[in-house]
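Encoded as structure tokens, the structure appears first; notes follow it.
Naming convention: chains lettered A, B, ... in sequence-line order (proteins, then strands); numbering from 1 in each chain.
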There are 2 protein chains.
Amino acid sequence: MDKILTTEGVPLYVKIREALRAEILHGNLHPGQKIPSEEELAQQYRVSRMTVRQGILELIKEGLLHRKHGVGTFVSYPHFDRDHTHLTNFFESAREQGIEASSTVLKIEISPAPEKIAQQLLLKPGESVICIRTLRFVNQTPVTVHDSYLPHRLFPEIIHEKLENVHLWDVMEKYGYRVKRAIQKLEARPASSEIAKLLDIKPGAPILYKERKILATDGTVVEFTYCYNRGDMYSLTVAMER
Amino acid sequence: MDKILTTEGVPLYVKIREALRAEILHGNLHPGQKIPSEEELAQQYRVSRMTVRQGILELIKEGLLHRKHGVGTFVSYPHFDRDHTHLTNFFESAREQGIEASSTVLKIEISPAPEKIAQQLLLKPGESVICIRTLRFVNQTPVTVHDSYLPHRLFPEIIHEKLENVHLWDVMEKYGYRVKRAIQKLEARPASSEIAKLLDIKPGAPILYKERKILATDGTVVEFTYCYNRGDMYSLTVAMER
DNA sequence: GACTTCTAGATGTATAGACGTCTATATTTT
DNA sequence: AAAATATAGACGTCTATACATCTAGAAGTC
């Protein structure tokens, strides 16, 4: 079965990588099965072993294949993706789980960006930002306080929008920015008296504290938010890969 | 400055990778700066270009370097280009940041799996598991308690291994399992008196609590761990996509 | 001055071959 | 039967070389 790969302009190792991926996806190679050795594939596709190797190594990095020195290369078992890698919208995921969710806006104002915010949003010092403090409820119980900062330049009219019970991200889409990626830093912190009062808990009670940077599809930083989540009513599940 | 790397048993590309890492960490190469070309490094270290390339490519995968076709290879800016959103090995990432890390084993025993553990590890009820409690230190300060559960069947002799100051994942590799993926559930919780004593904090102080399931490259569940991290000394950064 | 073209330097792709190291299995020895 | 040993197969490391492609800046042209 000598295969000749004729498409031009595509590197050979990419063709081999994709050929292997197709074999796996179509079930010709199934999970746990050993694939042909580098040498065999090299002969089959009439390329050098190093070229085959480069293709295989990329599939290993992706997690589709794995190998063991001196033994061989094998197809990995697919992992059940229970939504973990994905960024979810508070209202959407609450609705999916049949939970009642709502939100109120406690404050909204325009002011010059504090230094840290300017740095995170890639703004010039003093450029103006919209600051929005919201309180979110699950089944009428307050669970989260958000202090969000958005570049005023990108969303000039947002203060006139209805923001109650609406997700900011949906509003952003009206301005042409679709949320794509979040980078979140997580810590456990004691509740300050201010936050404790809002969340109806004791000062010092554990808070899941998040600093969150949101990027749009084009890479623009559209939001920076401090999140204070009630420790006893909030958990976050994430998947990470090596 | 022709460098001869004499240590035996270590691949050349690893030596070059570590030499470059050292240059960056010690500030001889600073963020944004262009590093010597592959050809120059090859001559400097007296190896072939492909060997240099392999070392560089690994640092790029780590996020320490980045490159542009036709231009050159550059040192990344920390906390900006550098990707700290991947699953990291405690000891490796501490070393990369120049932080002193250590760990001790408080308990190790073999017992039948509790129901929840069996479910998470995909074991039959009552199948035996290895339970390991470790305490991790950063600069001599205790920061994390781990209660890890591994299927006994997969790692029969692990209780005889040296586990102090060694990452479990490195030991697992001896048994042919390479860690690939983690699914982690995060919460903020108050410290129990037991955990508080171990971490040298007050009971009730905030803990970043994690339940962590670890999958190997072939998809096997190799570990389930409860992690108790000191809230004031531990943070986790994750990236999520829509 | 503005535009186009050329070129040096850097990374990207690809080859062929050599030898090292690891693992499972078959073989031999005890 | 059990243990030690040898071996074949597969991946891991490394070299030397060649040419392709990309980018920034230099050189030339209008």
key: Residues that R242(A) engages under side-chain contact (heavy atoms from CB on, under 4.5 Å), provided they are two or more places apart   = L87(B), N89(B), W169(B), E173(B), R178(B), V179(B)
request  = Would you indicate, yes or no, if dT13(C) has its OP1 or OP2 atom less than 4.0 angstrom from a side-chain nitrogen or oxygen of T51(A)?
outcome  = no
note = Applying side-chain contact (heavy atoms from CB on, under 4.5 Å) to P114(A) and not counting sequence neighbours gives I117(A)
query = With sequence neighbours excluded, what pairs up with E39(B) under the salt bridge (charged side-chain N to carboxylate O under 4.0 Å, His left out) test?
reply = none
query = To the nearest angstrom, how far is L12(A) atom CG from dA20(D) atom C1'?
reply = 12 Å
ask   = Which sits closer to the 5' end of DNA chain C, V52(A) or E173(B), going by the nucleotide each is nearest to?
value = V52(A)
task = Return the set of residues passing side-chain hydrogen bond (donor to acceptor under 3.5 Å, both in side chains) with E157(A) (not counting sequence neighbours), or none when no residue passes.
result = H160(A)
inquiry  = If the threshold is 4.0 Å, N to carboxylate O, is there a salt bridge linking K185(A) and E187(A)?
reply    = yes
task = Could you tell me, to 10°, how much the axis swings from one end of the helix from dG1(C)-dC30(D) to dT30(C)-dA1(D) to the other, five pairs per end?
result = 0°
task = Mind calculating the distance between CE (M50(B)) and P (dA10(C)) to the nearest angstrom?
result = 18 Å
remark   = Residue set satisfying side-chain contact (heavy atoms from CB on, under 4.5 Å) with C131(B), at least two apart, ordered chain then number -> K107(B), E109(B), Y149(B)
request  = Mind calculating the distance between OH (Y175(B)) and C1' (dC22(C)) to the nearest angstrom?
outcome  = 17 Å
task = Summarise how protein sits on nucleotides 6-12 of chain D as a single string, 5' to 3': B when a protein heavy atom is under 4.0 Å from the base, S for sugar-phosphate-only contact, - for no contact.
result = ---BBBB
query = What do the steps show when you test L41(A) against I56(A) for side chain to side chain contact (heavy atoms under 4.5 Å, CB included), and what is the final call?
reply = CA-CA 10 Å; L41(A) 287 169; I56(A) 290 178; 4.0 Å; yes
ask   = Can you pull the salt bridge (Lys or Arg N to Asp or Glu O under 4.0 Å) pairs that have at least one residue in residues 160-170 of chain B, sequence neighbours excluded?
value = E161(B)-K174(B)
remark   = In short, salt bridge (Lys or Arg N to Asp or Glu O under 4.0 Å) pairs touching residues 66-77 of chain B with sequence neighbours left out are E38(B)-R67(B)
message = Tell me the interatomic distance from Q54(A), atom CD, to dA14(C), atom P, rounded to whole angstroms.
response = 7 Å
task = Please report, rounded to the nearest Å, how far the P atom of dT15(C) is from the OH atom of Y45(A).
result = 14 Å
query = In whole angstroms, how far is the C1' atom of dC22(C) from the NZ atom of K174(B)?
reply = 15 Å
